[in-house]
Amino acid sequence: MFQKVSDSNFVQGEHSALSFWSSRDVFAKLRKKNANKAKWSFLDGPITANNPMGVHHAWGRTYKDAFQRYFAMTGHELRYQNGFDCQGLWVEVEVEKELGLGTKNAIHEFGIDKFVNQCKRRVLKFAARQTEQSQRLGYWMEWDEPAELRKLSAAVGSSEEIEYTNARGEKVKDVPHQIVAKLGNPDWGGSYFTFSTENNETIWTFLKKCFDRKKIYRGHDVMPWSGRSGSAYSQMEIADGRKLAVHRSLFVRFPLLDRENENLLIWTTTPWTLTSNVAAAVNPELDYAKIQSKRDGQIYYFAKENLNYKRLEKESKEGFGRPEWSWPDGVPKLKTLAQIFKEKGGFEELGTIKGAEMVGWKYQGPFDELPAQSQKGGYPFDERVREKTAVECHLVVDGGRDSKGSAHVVAGEGTGIVHTAPGCGDVDHKIGLELGIVGIAPLGEDGRYQEGFGEFTGREAIDPTTADLVIQKLEEKGLLVASEKYPHIYPHCWRTGDELVFRLVDEWFINMDWREEIKDVTRQIDWLPESIDGQNREIEWLTNMRDWMISKKRFWGLALPIWINPEDPTDFEVIGSLAELKEKCVEGWDGFEGNTPHRPWIDHVKIKSSTTGATLSRIEDVGNPWLDAGITPFSTMGYNTHRDMWEKWYPADLVTECFPGQFRNWFYSMLSLSTMMRYDETDDPKEKQPFKTLLGHRLVMNEEGQPMHKSDGTAIWFEEAAEQIGVDTLRWLYLAQNPASDLRFGTRHPEQPVTLETPEGPISETKEGAPTCKVTSGPADEVRRQYLIPLWNSYAFFVNYARLDEFDPSAEKIPYAERQEIDRWILSRLQSLIGLAHESFQAYDTSRFVNAAGQFIDDLSNWYIRRNRRRFWRSKDANDADKTAAYQTLHEVMVTLSQLLAPVVPFLAERIYQNLVFGRDLLDTLSSEEDSSDWPESVHLCDYPTVNEDLLDEDLNARTALAQAVVRLGHQVRDQSNLRVRQPLAEIRVACSTAAQRDAIEQLASVIQDELNVKTITTVDNLDGIVQYAYKPNLKTLGPKYGKLLGMLRKDLPNLAPEILAPLRSGSNVSIEMGGETIELEPDDVLVSTEQSSEWGTADDSGVQVAISTKLSPELIEEGMARDFVRHVQQLRKDADLEIENRIRIQYRSDASEIKQMLNIWSEYISAETLADSIESRQEIADGKSVSVGEFATVLSICLAN
RNA sequence: AGGCGUAUAGCUCAGUUGGUUAGAGCGCAGCUCUGAUAAAGCUGAGGUCGGUGGUUCGAGUCCACCUACGCCUACCA
């Protein structure tokens, strides 16, 4: 027997479903059911285990879960492995904060081992947290027990053995380091952690392959550098950290030697680099102006074009290309050079000179007194220029051209003469190398000046007082021409927000000259959604990217397996596995053994060079974290250790991730790593693809479409949304969204703290101690109101009447052929939905299915159930086969719908299924005994429904759709004629353009009549006599035939006498004369529409025209009044909370004789409809309700009959 | 700066191979229906389809240019 259904209690129902699944091990049963079936391989992109999950993570995770559930229900074996991203600077930054360590030195003092252990602990802690949140989302994965992860987190660093219960429920005993190292291995199950030894070692395999192909090199480059982090930043990282900054920019003169009173004018936005000036670059093609300042007689050279060039003119009006990058307050518009010189007493133009003529001029540098400027071989010393000093290199040089052939030096923002410091700028560095001049690299790893820079030594480059000092010195020397505030986009550390500096570094790179191979692989993959053209975006990145900087001078991350000869940096080796390392090890293995291959332990190991025999030490750098995530198609599937397993699961059928950024991050790293891993195994790019299909989705925004920020309290924590909005609602919202558009989710109200009822009890703050706040979401409310509540109400309607009637779902089925057409219709509609569900999921297009399901729920609720209510209300009668047919139909629809929706709204689907199949209310306390039923124990253990072709009747679907269209037209006519639906009308006439339509209308005549409350319905060939026909040419068919005549046809054809064109409506051709030509018109060539006439209201749509008689007879008016009367009494019953079966007495008062007259005829009907024993007229009625019956005021009241 | 994309109702967006009167949802307003429903249905705004020019019998749709916005890339000293 079904359990009575009342309030939906969505959130509470989700909690109940969670405990139902866990108490019955439903997920384990699902995996058992699908073991050894066809594989569907999903690869999870690792989530950074560094913070709790927000609603922005839940979108992608909902996709992942929904697809996994669909493919499980269609009988596939899955891996169900979640991934955690564990290594890298982002973890270090948080741990530094936790421990109050501000610099790299502080970390060294604290101890790298302790620091690294703390990083591991943090990752495990947040992995536990995200696991719990994901479980609340209903995300079915083979999770490690959060409590076990926390236990492990606490034990990291200890050398005591502990017991760990893995995801398969097996106990393992080992020291914490060793357990951590093996997390996620195929024997234990559970989430993969990118810090696992297998993951790191598989990256070694990759790097070894790169080394074998001679793609690994150490590069000296000027790269963006963070002094605080003490590390260089790769191209991928800089992209995330560009910000608008205001710097002091300076115009400085460089006095020319051998040309008295003549100066180069240069400009810079990084004053600190002037200490390291070596040369001045010009463009030989450019014209340079020679002007003389009137005040001091000095002569200046700079690009002619720049004299009156309005610098940053556009930016001062429009900003720098992003909404948040508008021109900063308090920064004045920039002056032109002409203006600057005018303000200094005016100037005189002396002439023009080509840049080429200036090349070779010598000048005096701005800081030639610094010892570094006079150091032979530059600073640091460079063998190739051992005899030169920077001061000796102070020449005007040709700036040259970049790889695309455009000049490095151009007129415009600066002066056309570029202060060149090969130790402080990327392009400068390249120019320096080309010209063989020395470089001065002033900054140490901490971003401060090193020895040899006088007063500057020890100062931080990005400290504003450093610029002050530069300015002060220049002023003292009389070299400063002007300074100004200059806003520009400048790279910043993407985590700390510190400005980066450009510093000469030596880092390790992968030469990416095999990019074409990667592009070939990229082209094998399906990139979804199509509209964002992911393939091209990826190809574009692959075309433009530079070599991959894989090293970072930090502590917590992949130990790059590069061992190098300290005496000879060209003598290095890349190690491909721990076994190889052990074999080559000559000392230090003791310091490493028993630990994970991380710093500091791995650094003890020294090996012997296989080529030179020298002792090699590991470079101290750690790896770029995108290697960690990029290797997962190999490491998690056992490429090195479980090859047969890898063969089965590679490549993944699907990966899905939030796409902005990932084209240069995860997608890129997977594609590159996979291409390299497979280069020696196959030449077929298809065999190298790490995944077959990629589904990208955009970002979660607030309700206004703006990003949500953790810092201002607008970012929504997952549990805030889950417990206030409900996870089923969230999931529907995510799955219905177009993945190519940002999701405008909702709003967090940081000023309104709330207490949340979670499955573990009430909370008013998150586990991190942040208060939980009110979250509102218009889109989520709409989902609930439009889809979930109607679904629930449909279900509740069925259950509550089925209970009263003691409907037995196991009773013999009434053959479909013997059921009413409307039953067969909803079943047929259901089959269409099933077919569409399969298509959509297989095309990874959830929004198509979810929207169709929404449509279906509407049809179910607002057509099938509404139209069939009376069949369910009929008094109980065991022999009422028609009623049984209705119950059986609705039961089948509801059960199937719960299965269809199980991947979308797993909680709600389970509740509905459990009650419909087992008569079990998940909100009740449940016994855990097994059911003796043929039905699967959970909706998630069901096979996904398949289309029953016998029940699919497209004609019937179309017929009903047509009837619904006619009803809509009828309502439209009533509305326009101001005739309420309760007012019966005499007749509707329907004219159709095809026989099929006509048949359909005739078959559904009674439905249409009933819906529209009309006495008769007639199908007719035309509405002649009722309406005027209007004719218009069908341009689509006539255009190709008559071309230029179309303009005339369009104008004149509607004006022809209607009788000329009338034959077209009965299917005959008509020929007319127009513009001196004969035009043969076929019925298809003309479009017919109707125009209103009196006494009939008309409307038309898609070839169907309806006319409804609007003339009211006294009888019709009386009947309308009777319907009004019933309606008002029913409302009073509802207001009084009467039971459906209660009988009543009605009293009324009205001065209108028409009311009495109506009651003479209709009282019996009214009594029957309202279960009234009597209808009495009274002069006075206390507490009566004033209503209108027809046009007449009436006061009504009811009371219970005795 | 370069590349790509977008511009349609108050808001968010559809708009097929060029075809007549350019649609949906939300919001707003009015009306209607209702003994499953915290519902729902219908109607409405009169939208220069960002602008200009072109191709065509015909352009929201194709082409060119311009403008605005978004994204990606980039060392602009």
Side-chain angles (χ1 to χ4, degrees), chain A residues 5 7-8 222-224 235 238-239 242 249 266-270 273 281 318 321-323 399 402 404 406 408-410 412-421 424-430 488-489 491 502 531-533 536-537 540-541 543-545 660-661 663-664 705 738 741 744 778-779 782 784-786 789-790 792-801 858 861-862 865-866 869 872-873 967-968 970-972 974-976 978-982 1011 1013 1032-1040 1042-1050 1087 1089 1127 1130-1131 1133-1134 1138-1140 1169-1171:
Chain A
V5 175
D7 280 355
S8 50
V222 173
M223 306 263 320
Q235 199 186 353
I238 300 161
R242 284 199 302 263
S249 80
I266 66 96
W267 176 71
T268 182
T269 59
T270 48
T273 63
E318 299 168 7
R322 282 194 196 172
D402 64 18
K404 286 176 196 155
S406 29
H408 283 132
V409 178
V410 292
E413 281 306 305
T415 62
I417 305 175
V418 176
H419 140 62
T420 301
C424 305
D426 184 22
V427 172
D428 305 43
H429 183 64
K430 286 202 181 68
H488 60 160
I489 305 305
F502 286 84
S531 64
I532 65 164
D533 202 10
N536 270 337
R537 285 203 198 190
E540 199 186 325
W541 162 262
T543 306
N544 296 326
M545 70 181 181
F663 289 104
R664 63 171 185 270
N738 174 0
S741 310
R744 298 178 166 213
E782 198 182 319
R784 202 180 305 107
R785 201 176 61 230
Q786 267 195 298
I789 289 174
W792 183 263
N793 289 333
S794 303
Y795 154 74
F797 173 86
F798 169 82
V799 166
N800 291 338
Y801 282 93
D858 187 59
S861 167
N862 281 321
I865 293 181
R866 192 172 51 78
R869 271 177 301 198
F872 295 96
W873 292 342
V967 168
R968 246 194 319 277
H971 281 140
Q972 196 178 322
R974 276 186 169 273
D975 192 73
Q976 282 161 6
N978 280 323
L979 290 165
R980 65 194 190 280
V981 179
R982 276 195 304 270
E1011 285 288 320
N1013 193 16
K1032 283 182 181 171
N1034 184 353
L1035 301 178
K1036 195 166 187 169
T1037 59
L1038 289 171
Y1042 296 104
K1044 285 187 195 279
L1045 282 175
L1046 223 57
M1048 190 187 300
L1049 264 173
R1050 193 172 172 186
L1087 302 165
S1089 60
R1127 160 85 190 101
Q1130 303 288 36
Q1131 187 61 46
R1133 290 186 62 115
K1134 197 175 176 181
L1138 299 190
E1139 294 300 320
I1140 293 169
E1169 286 291 313
T1170 60
L1171 295 186

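Per chain, numbering begins at 1; letters A, B, ... match sequence-line order.
- Contact check, His488(A) against rA77(B): a side-chain N or O comes under 4.0 Å of OP1 or OP2.
- Residue Thr415(A) places no side-chain atom within donor-acceptor reach of the base of rA77(B), judged by atom type and a 3.5 Å distance cut-off alone.
- The shortest heavy-atom contact between Thr273(A) and Ala421(A) is O-CB, 4.0 Å.
- When rounded to the nearest whole Å, the span between NE2 of His419(A) and C1' of rC75(B) equals 13 Å.
- Every side-chain hydrogen bond (donor to acceptor under 3.5 Å, both in side chains) that Arg1127(A) has, sequence neighbours left out, goes to Gln1131(A).
- Checked against rA77(B), rA40(B), rU34(B), the side chain of Thr269(A) finds its nearest nucleotide in rA77(B).
- With distances taken from any side-chain atom of Val409(A) to the nucleotides rA36(B), rA77(B), rC75(B), the minimum falls on rA77(B).
- By the 4.0 Å N-to-carboxylate-O rule, Asp533(A) lies too far from Arg537(A) to be salt-bridged with it.
- Rounding to whole angstrom units, CG of residue Leu1035(A) and P of rG19(B) are separated by 10 Å.
- The gap from the C1' atom of rA9(B) to that of rG44(B) amounts to 12 Å, rounded to the nearest Å.
- rA77(B) and rG60(B) are spaced 46 Å apart, taking the C1' atom of each and rounding to whole Å.
- Comparing Val418(A) and Ser8(A), the nucleotide of RNA chain B nearest to each residue sits closer to the 5' end for Ser8(A).
- Nucleotides rG41(B) and rC63(B) place their P atoms 39 Å apart, quoted to the nearest Å.
- Across the protein-nucleic acid pair, Asn536(A) atom CG and rC71(B) atom C1' stand 14 Å apart, rounded to whole Å.
- We find that CG of Asn738(A) is positioned 15 Å from P of rU12(B), with the value rounded to whole Å.
- For Asp7(A), counting side-chain heavy atoms from C-beta on, the closest listed nucleotide (rA77(B), rU37(B), rA38(B)) is rA38(B).
- Residues meeting the salt bridge (Lys or Arg N to Asp or Glu O under 4.0 Å) test with Glu1011(A), sequence neighbours left out: Arg866(A), Arg867(A).
- Ring pair Phe872(A)/Phe797(A): centre-to-centre distance below 6.0 Å.
- The side chain of Asn862(A) sits closest to rA40(B) out of rU37(B), rA40(B), rC75(B).
- Leu1038(A) comes within contact range of no nucleotide atom at all, as no heavy-atom separation falls under 4.0 Å.
- How far CG of Asn793(A) is from CZ of Phe798(A): 15.0 Å, rounded to the nearest 0.5 Å.
- Listed nucleotides rU20(B), rU73(B), rC75(B) differ in distance to Asn1034(A); the shortest reach to its side chain belongs to rU20(B).
- Across the C1' atoms, rA24(B) and rU37(B) are found 24 Å apart, a figure rounded to whole Å.
- With sequence neighbours left out, the ring pair (Phe, Tyr, Trp, His ring centres under 6.0 Å) criterion links Tyr795(A) to Trp792(A).
- Between Lys1036(A) atom NZ and rG19(B) atom C1' the separation is 7 Å, expressed in whole Å.
- Between His419(A) and Ile266(A), the closest heavy-atom pair is CB-CD1, 3.7 Å.
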- request: Fill in the dot-bracket string of RNA chain B, one character per base: . for unpaired, | for a pair to another strand, ( ) or [ ] for pairs within the strand, taking Watson-Crick or G-U pairs under 3.5 Å.
  value: (((((((..((((.....[...)))).(((((.......))))).....(((((..]....))))))))))))....
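- With rC72(B), rA77(B), rG19(B) as the choices, the nucleotide that has an atom nearest any side-chain atom of Arg664(A) turns out to be rC72(B).
- The two atoms that bring Arg744(A) and Pro779(A) nearest to each other are O-CG, 3.2 Å, heavy atoms only.
- When heavy atoms are screened at a 4.0 angstrom cut-off, Pro779(A) is found touching no nucleic acid atom at all.
- Rounding to the nearest 0.5 Å places OG1 of Thr1170(A) at 6.0 Å from CD of Gln1130(A).
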Taking only nitrogen or oxygen atoms into account, show me every contact under 3.5 Å that the protein makes with nucleotides 23-31 of chain B, one pair per line with its distance.
{"unit_1": "rG25(B)", "atom_1": "O2'", "unit_2": "Glu782(A)", "atom_2": "OE2", "d": "3.2"}

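- The two atoms that bring Ser249(A) and Trp267(A) nearest to each other are OG-NE1, 3.0 Å, heavy atoms only.
- Taking atom P on both rG50(B) and rA22(B), the two are 15 Å apart, rounded to the nearest angstrom.
- We find the CZ-NE2 distance between Phe502(A) and His429(A) to be 13.5 Å, quoted to the nearest 0.5 Å.
- The residue Ser249(A) sits apart from the nucleic acid: no heavy atom pair falls under 4.0 Å.
- Side-chain atoms of Asp428(A) and Val222(A), non-hydrogen and from C-beta on, never get closer than 4.5 Å to each other.
- Across the protein-nucleic acid pair, Arg866(A) atom CZ and rU34(B) atom P stand 10 Å apart, rounded to whole Å.
- Between Ser794(A) and Ser861(A), the closest heavy-atom pair is OG-CB, 3.7 Å.
- Picking from rA77(B), rA36(B), rA40(B) the nucleotide with the shortest atom distance to the side chain of Val410(A) gives rA77(B).
- Minimum heavy-atom separation, Gly416(A) to Val409(A): O-CG1, 3.3 Å.
- Taking atom C1' in both rG58(B) and rG19(B), one finds a spacing of 7 Å when rounded to whole Å.
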field: B/S/- contact track for nucleotides 1-10 of chain B, protein heavy atom under 4.0 Å
entry: ----------
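- Ranking rU37(B), rU20(B), rU73(B) by closeness to the Arg869(A) side chain, first place goes to rU37(B).
- With hydrogens and angles left out, the side chain of Arg744(A) and the base of rU12(B) share no donor-acceptor pair within 3.5 Å.
- Close to rU34(B), at under 4.0 Å from its OP1 or OP2, lies a side-chain N or O of Arg1127(A).
- rG27(B) and rA64(B): their P atoms are spaced 41 Å apart (whole Å).
- Rounded to whole Å, atom P of rC76(B) lies 13 Å from atom NE2 of His408(A).
- Atom CG in Asn1013(A) sits roughly 16 Å away from atom C1' in rC42(B) (whole-Å rounding).
- A gap of 15 Å separates the P atoms of rU61(B) and rU55(B), to the nearest Å.
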